[in-house]
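Just so we're on the same page: letters track the sequence lines, and every chain starts at 1.
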Number of protein chains: 2
Amino acid sequence: MAKYAAGLDYGTNSVRCVIANVSNGREVGHSVWNYRHGRSGVILTKDPNLARQHPGDYVKGTEAAIKAALASAKRTVRTFKAGDLIGIGVDTTGSTPMPVDCRGQPLAFTRDFARAPDAMAWLWKDHTSVSEAEEITSLAARVRPHYLAQCGGTYSSEWFFSKILHCLRTSPKVFESAYTWVELADWIPAMLTGTEAPDRLTAGICAAGHKGMYSQDWGGYPDERFLAKLDPRLAEMRRRLPKRLRSINTAAGGLSEHWAKKTGLYAGIPVAVGALDAHLGGVGAGIGPGTLVKIIGTSTCDMMVVPIKRELANIPGLCGIVPESILPGHFGLEAGQSAVGDIFNWFVDYIRPQGRQAEAHKELTKQAARLRPGESGLLALDWNNGNRTVLADQRLTGLLVGQTLYTTPAEIYRALIEATAFGALKIISRFEQYGVRVRRIVNCGGVADKNPMLMQIYADVTGREMMVSRSNQTCALGAAIAGAVVAGKQAGGFNSFRAAQKAMTGTKRKVYRPQNAAKEVYKELYEIYAQLHDAFGTVQWKGGLHKVMKQLIDIRVRARQRLGA
Amino acid sequence: MAKYAAGLDYGTNSVRCVIANVSNGREVGHSVWNYRHGRSGVILTKDPNLARQHPGDYVKGTEAAIKAALASAKRTVRTFKAGDLIGIGVDTTGSTPMPVDCRGQPLAFTRDFARAPDAMAWLWKDHTSVSEAEEITSLAARVRPHYLAQCGGTYSSEWFFSKILHCLRTSPKVFESAYTWVELADWIPAMLTGTEAPDRLTAGICAAGHKGMYSQDWGGYPDERFLAKLDPRLAEMRRRLPKRLRSINTAAGGLSEHWAKKTGLYAGIPVAVGALDAHLGGVGAGIGPGTLVKIIGTSTCDMMVVPIKRELANIPGLCGIVPESILPGHFGLEAGQSAVGDIFNWFVDYIRPQGRQAEAHKELTKQAARLRPGESGLLALDWNNGNRTVLADQRLTGLLVGQTLYTTPAEIYRALIEATAFGALKIISRFEQYGVRVRRIVNCGGVADKNPMLMQIYADVTGREMMVSRSNQTCALGAAIAGAVVAGKQAGGFNSFRAAQKAMTGTKRKVYRPQNAAKEVYKELYEIYAQLHDAFGTVQWKGGLHKVMKQLIDIRVRARQRLGA
């Protein structure tokens, strides 16, 4: 009798549920439930930096998504029964922290704060906490540099403590009313297993490690003295943060009677500790030592794992090196490009708006595919949204060079794609430079899936084969794999991620292989890219151009201030 | 009784005639005659570099334009009579050389060559002679560097000897059948005065000096030994080139009976020696010592004059320093930007095509005008078509830096305008660095006339007042001024250009004055522009980025060759 595991994937606009056959990874059930609050699930205000989610959507969405996925599985496999489902895994966006009361219930569920955005979940892309992030970064740089080393050298405004500190400063009533704050990735499994009460909750090591400066090396979260320098109340709050943190091979608990009744699933089936979406995406794409998983969407997340028993250098420029954040027993290494699909979308939406976005991409891709490498004479830097890896510098901007009076949009579009490929190669080189060999690359995410030209350019630029994940729901599939692992072999699941991934993940038949002629040209172009990269991005470069982009930003900021005045 | 002078202006697509009152410059008569041959007057073939004109258009166009202008003058001034017209001046595009027979008649008028593009006029923008230009440049650099010093360091494919040498090599039958070659600027006055026969023809010093390496310092055109190294037949042809070269204060002759009959004008009225359009445009805009005249169109021509009696340094990077090429008794100094309007047109036509060009420019200008200096965070180099002054390097290309995910077309459009303003400031600085003070700037040409935002940006960037020429036909007006001078004071004209310009030229009431706040911001931006200018444009820069644009061009050329193969 076939066994199944469910993966719940909480995204920016919706929650989806996948039900996968644990023997072969086949996704027999699938559903998407769009959040109801705000604009496509995101609460917006006049402040363009603000982005929140209403936790009511999580509750309703979970029930609806599970039920719909079960129904879908029944349509696919006539003999499918709820009893065949042996485990559940969860991934969410992050850092998406939420203030909760002493029972672990979201403040937004209380009457006092029913409509207060600050009492809702602070969505990953909320950027209200820029100045707090700078404050934390500069304090840590002075007194706790090792905190920053783990998270790429800069503490982001998107992350846990920046957001909580901002709330403390600007919404003291919310802050005072909250007992503690919980990452969404931790709250969902707690909700499903009835362990929301802070003393009962098991949190994941993934979000805490990558976004919360958590490490067993220094006894967990940042120490109280450090937090007290930011604000004594933050130090006090630390005592109420989750104490039990685990990797995804641990169950947060068994499905509660309440949720069993709601969904038709069996009570007691194990729910894995939650993790960030990209990291479980890595799992679903078959990550393991030597395999680079690239999730290519609006930005990229580039992940590798290295067995913890191996000596690992501190690789500068990565976004995070966190033990067990992706796979148990391994360091999770996270790198990324700040914008990839977003750059192409910018070009289509802002510079050349004609008709619908999807059509425009299609047409430009068709024209760009006719061009040979180097034919346009163009070269771009992929920094329109800053550079995450390897420069870790948000204050870098885009650059395009080589345009003539005959340069076409398709040529620019292709140059932008090539720029992201050069950026990808920079990341690969950085891994290898520090002894982490990249033997295999698996791509996933919408862009990888839909654009063969882009994949071919990536192969030609990097000189490596590009594989594409078989599943196009790798995050949800990764969550289901975690569900199959916490279920254990006895229940029909697995005792290790290695075994589970071997059975449940795979790549598509089409492999993009580097072509020699193109490779040669791109080798030359990459040298120029690397030269511009260093000239505009590093202090070491002798020409002093590294100040240019920042000076332009400073001038821009001053111009806008004058405008506001 | 009012006296009048006529200016004939032979452009790329049409010939126009202006009849101006010599006492105040008022343009009482005006006409345009569009050339009939080819595409808008330009003969094109499969070779995208080829651009020719049929001399038949010059003959027909001259008659039609004069007649129509006379009719127009009669409509404007009821008492106007042909007898009130005291002189004629001529300006044309150039270098536009034409092969002629021993009577000075265009080869294209003979039956053998009636349809041969090589026997027609080789229009200024014909680029078939690139390799010959390189050959001439490299030979001169070795053995006659002073030839190059006069014309900005590089002999262009657009110029006289490049074209003749190319004809010799690729169309020997045309070359052998030609007695000699004549610049269009010289042929028109010869035609009007019946002095086409090479031994009777008086040529202008302007085209010969700027485009033909002609100088009295070395005995006229390049010496025979030099030309013989290119080809002995070219050295032989030199003996049949015009021997009498004069400035525009000399009459080429009196209007012939033949042309008097054709047009209704009086035979014998003096026709001035011809000159290049931009140079007579300078005259029509009121050029004199201390005044910079900028003709801003698809590209710019920036002109100044310095009294010959003054010591003048050899200013590097100028396109030409030629005695009497603009005004008698003065050095003519010519600088320029390879593309200005062309860059804006590229952006509108190629990158953001929506609706008609003029409308798109209007809309983008409207949006760009709402932006404050520095607000976009963008900076561009104005090199999409290379850099004429001060780098004299056609193999430079465009650059844009500072783009984010929210950069708009209007921001880019404004950055491109600002880039051309920075380029303009580079030219002003170069003049002043070498002791030629710029005390007054008069702008003319379509772009100056139609875009107040651009003029204001130029004022803010340069920190100087921008004036706009009163006439928007400064070339034709300059030609009419030459006509009034060769007529002389006794006939009701003038004895000097100074007196003629004082009476006949002027600027519009609106003067664009630099605004302090904008000036400050642009000062900062210009420093960054200058840094990028030097980094990408000069060998001296320590970072070694000056190779980037050329490497990209080399890669492009190779990619296209492979494509062709």
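Minimum interatomic distance between A/L532 and B/F536 (heavy atoms only, all atoms of both residues): CD2-CZ, 3.7 Å. Summarising the geometry of A/A559 relative to B/G374, their closest heavy-atom pair is CB-C, 3.9 Å, with the distance given to 0.1 Å.
In this structure, B/Q403 and A/W383 have side chains that are not in contact, with every pair of non-hydrogen atoms separated by 4.5 Å or more. The shortest distance between side-chain heavy atoms of B/R558 and A/E375 does not fall below 4.5 Å. Within the 4.5 Å cutoff, the side chain of A/L378 has no heavy atoms near those of the B/T397 side chain. Side chains of B/L525 and A/L552 form a contact here, defined as non-hydrogen atoms less than 4.5 Å apart.
A donor-acceptor distance shorter than 3.5 angstrom exists from the side chain of B/R352 to the backbone of A/I351, with no hydrogens or angles considered.
Using a 30° and 60° split on the angle between ring planes, B/Y350 and A/Y406 fall in the perpendicular class, above 60°.
Within a 6.0 Å sphere centred on NZ of B/K550, other residues, nucleotides and ligands contribute more than 12 heavy atoms.
When the candidates A/V548, A/I553, A/L405, A/N385 are compared by the number of heavy-atom contacts under 4.5 Å with chain B, A/L405 comes out ahead. Of all the listed residues (A/E527, A/M549, A/Q531), the one sharing the greatest number of non-hydrogen pairs under 4.5 Å with chain B is A/Q531. Taking chain B as the reference chain and counting heavy-atom pairs below 4.5 Å, the highest number among A/D349, A/T408, A/T407 is found for A/T407. Taking A/P409, A/P373, A/S376 one by one and counting their heavy-atom pairs under 4.5 Å with chain B, the maximum is reached by A/P409. Note: A/L545 leads A/L545, A/V521, A/L381, A/L379 in heavy-atom pairs under 4.5 Å with chain B.
In this structure, the portion of B/I412 lying under 4.5 Å from any heavy atom of chain A is its side chain and not its backbone. In this structure, chain B has no heavy atom under 4.5 Å from any part of A/L396.
For the atom pair CZ (A/R372) and CD1 (B/I555), the distance works out to 15.5 Å, reported to the nearest 0.5 Å.
The pair B/E411-A/R556 fails the salt-bridge criterion, with no side-chain N (NZ, NE, NH1 or NH2) lying under 4.0 Å from an Asp/Glu carboxylate O.
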